[in-house]
Amino acid sequence: MAHGTPADAAARPVRMLGWLGIVRLGLVQTALGAIVVLTTSTLNRVIVVELALPAVLPGLLVGWHYAVQMSRPRMGYGSDVGRRRTPWIIGGMAVLALGGLGAAASVALMSVDTWAGIALGAVAFSAIGAGVGASGTSLLTLLAKRVDPTRRAPAAATVWIMMIAGFVVTAATAGQFLDPYSHLRLVVVTGVVCAIAFTITTAAVWGLEGPGDPVAAESAPPAQRKGQFWDAFKQIWGETQARRFTVFVFVSMLAYSAQDLILEPFAGAVFEMTPGQSTQLSGMQHGGVLAGMLLVAVAGMVLKNKIGSLRSWAIGGCIASAVALLGLVAGGLIGPAYPLKANVVFLGAANGAFAVAAIGSMMSLAGQGQKQREGTRMGLWGASQAIAFGLGGLMGTMAIDITRLLIAEMAVAYGAVFASQAALFLIAAVLAARIDKAGAASRQVGLSPAAEGYATGVGG
């Protein structure tokens, strides 16, 4: 089918997404979260408890799915040289769904033949990583290209809140259908969740993108459309803004993820909380994360240019996260009298505000620099985030093991690790401040698209 001349293509405006379109893409994140929570949480428990296999096994499988996501830049490049993001979103979800079903089948196989099950699990988690990378990268790229700058912060908050909703709804619903537990029931429930997730994704994005990006598809020179991936990657890595933002994403997400696996053990070991109490504490933290996300979203939507740029929210969120972690250090030394719950809620809110600001900044920066490379940039930052998440949990738990060997006092050992994570957040704040100092002051949340053209900061 002909697409017309480059002049005709340039004359066709790219259709921007309204709130209905943003929510439809949020449904894709909900579907993605539904599959991920089963494969990284439920299967983890079954492998360790029901099958009595070493806890390192699911840890390695989950870590491997993050490692596979290092291919995100290549996937983003693939969507750049094509004409549309939709096939990558649907195709990625199909691969993710097959991987989720394969992961459940691998657990059932482990009960009969451990090594064959592990081999199938490795293949399945490879598919999970590839599916998340392809679908998630293209979804964020589509948001970056099709969401008005005034809506980037609330749009980022919306899709991430909907992904968390996918975690919650799936965990609650699937959990009821898994009892009484059997391996066959696990495979069936996982298969149903994967099928529903794929159906929702297809329905949500069908017809949403329209003709794609005719300017990118038609007016770009042939060499740019057909150039080699590594040439495109080197071009982007040569962009100071993109390179600095990549390092910021890695350091900040490393600090963000390193606390996940040690907060509940800290509450139990130092504050003598029961498993039920520490689980409730974790729930409070997630509630704080949602509150922080909503704060940035509402501020961007209602207060607009009165509350500063997304860059400012990212810096402030990192600093506040560091303060909250130092509060945990003090709390461990003070003991049970310390208001731990309030500190944890504050930590969650700071994390949520910084995370949404960082995601909104990704959307803003994706279209800057060399044109028609939005997907490759988003893939680069997605890969940086995946590597940080894969290393964060491992480094956090290793650090606790090491400090407990060196320091007899439990509170001091945990405090040393929390202090190191606070230092990482402060480093991330400095890195964020270095990203386009000159232009950031003029890019306030809520500026018109015309005003935005005069600045190149991370603010949305």
Side-chain angles (χ1 to χ4, degrees), residues 15-37 69 72 75-76 79 85-86 88-90 92-93 96 131-170 196-198 200-206 208-209 249 253 256 286 289-301 310 313-314 317 348 351-367 374-375 377-379 381-382 385-386 389 445 458 460:
R15 187 174 66 190
M16 303 301 284
L17 293 176
W19 279 112
L20 178 59
I22 292 170
V23 170
R24 286 172 65 179
L25 289 180
L27 285 173
V28 178
Q29 286 285 64
T30 302
L32 189 150
I35 298 177
V36 168
V37 74
Q69 291 184 55
R72 275 179 178 251
M75 295 175 182
S79 71
R85 315 290 171 177
T86 300
W88 287 84
I89 296 174
I90 295 177
M93 188 60 68
L96 173 60
V132 170
S135 187
T137 300
S138 296
L139 183 146
L140 282 178
T141 305
L142 185 57
L143 276 172
K145 289 183 70 67
R146 296 297 184 86
V147 172
D148 188 89
T150 61
R151 291 177 172 173
R152 282 178 181 151
T158 298
V159 296
W160 247 252
I161 288 171
M162 291 182 73
M163 183 174 71
I164 294 173
F167 292 163
V168 175
V169 172
T170 303
I196 293 174
F198 177 74
I200 289 175
T201 296
T202 304
V205 300
W206 196 264
L208 179 64
E209 189 178 12
V249 168
M253 292 299 176
Y256 179 81
H286 291 306
V289 170
L290 288 177
M293 289 180 171
L294 288 171
L295 173 64
V296 178
V298 171
M301 232 175 357
L310 281 173
W313 278 103
N351 287 170
F354 129 75
V356 164
I359 295 161
S361 298
M362 283 186 194
M363 293 165 59
S364 179
L365 277 174
E374 293 88 350
R377 283 191 198 87
M378 200 65 78
W381 299 327
Q385 176 179 304
F389 268 78
V445 175
V458 250

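Each residue takes its place number in the sequence, starting with 1.
For S135 (side chain) and G131 (main-chain N/O), no donor-acceptor pair under 3.5 Å exists by modelled atom type. Counting only distance, with no hydrogens or angles, the side chain of E209 and the backbone of R85 share a donor-acceptor pair below 3.5 Å.
The distance from atom CG of L96 to atom CZ of F198, rounded to the nearest 0.5 Å, is 11.0 Å. We find the OG1-CG distance between T86 and L139 to be 10.0 Å, quoted to the nearest 0.5 Å. With rounding to the nearest 0.5 Å, the separation of OG1 in T201 from CD1 in I35 is 7.0 Å. How far OG of S138 is from CG of L25: 11.0 Å, rounded to the nearest 0.5 Å. To the nearest 0.5 Å, the span separating CG on L140 from CZ on R72 amounts to 7.5 Å.
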Requested in this report: Before giving the answer on side chain to side chain contact (heavy atoms under 4.5 Å, CB included), spell out for V356 and W313 the whole-Å C-alpha distance, their side-chain angles and the decisive distance to 0.1 Å.
Outcome: CA-CA 9 Å; V356 164; W313 278 103; over 6 Å; no
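Residues I200 and T30 form no side-chain contact, since every pair of their non-hydrogen atoms from C-beta on lies 4.5 Å or further apart. Between T158 and M162 there is a side-chain heavy-atom pair separated by less than 4.5 Å. Using a 4.5 Å heavy-atom threshold, the side chains of I22 and R146 count as separate.
Here the shortest heavy-atom pairing between A357 and A314 reads CB-N, 3.5 Å. Pairing each heavy atom of A197 with each of A31, the nearest pair is O-CB, 3.5 Å. Between V28 and M93, the shortest heavy-atom distance links the atoms O-CE, 3.8 Å. Residues L27 and A204 share a closest heavy-atom pair of CB-CB, 4.2 Å. Nearest heavy atoms, V289 versus Y256: CG1-OH, 4.4 Å. Across every non-hydrogen atom of F389 and M253, the tightest pair is CE1-SD, 3.7 Å.
Among T202, L208, T137, L142, the one residue that satisfies the side chain to side chain contact (heavy atoms under 4.5 Å, CB included) test with I89 is L142.
Annotation: side chain to side chain contact (heavy atoms under 4.5 Å, CB included) contacts of A355 (sequence neighbours excluded): none.
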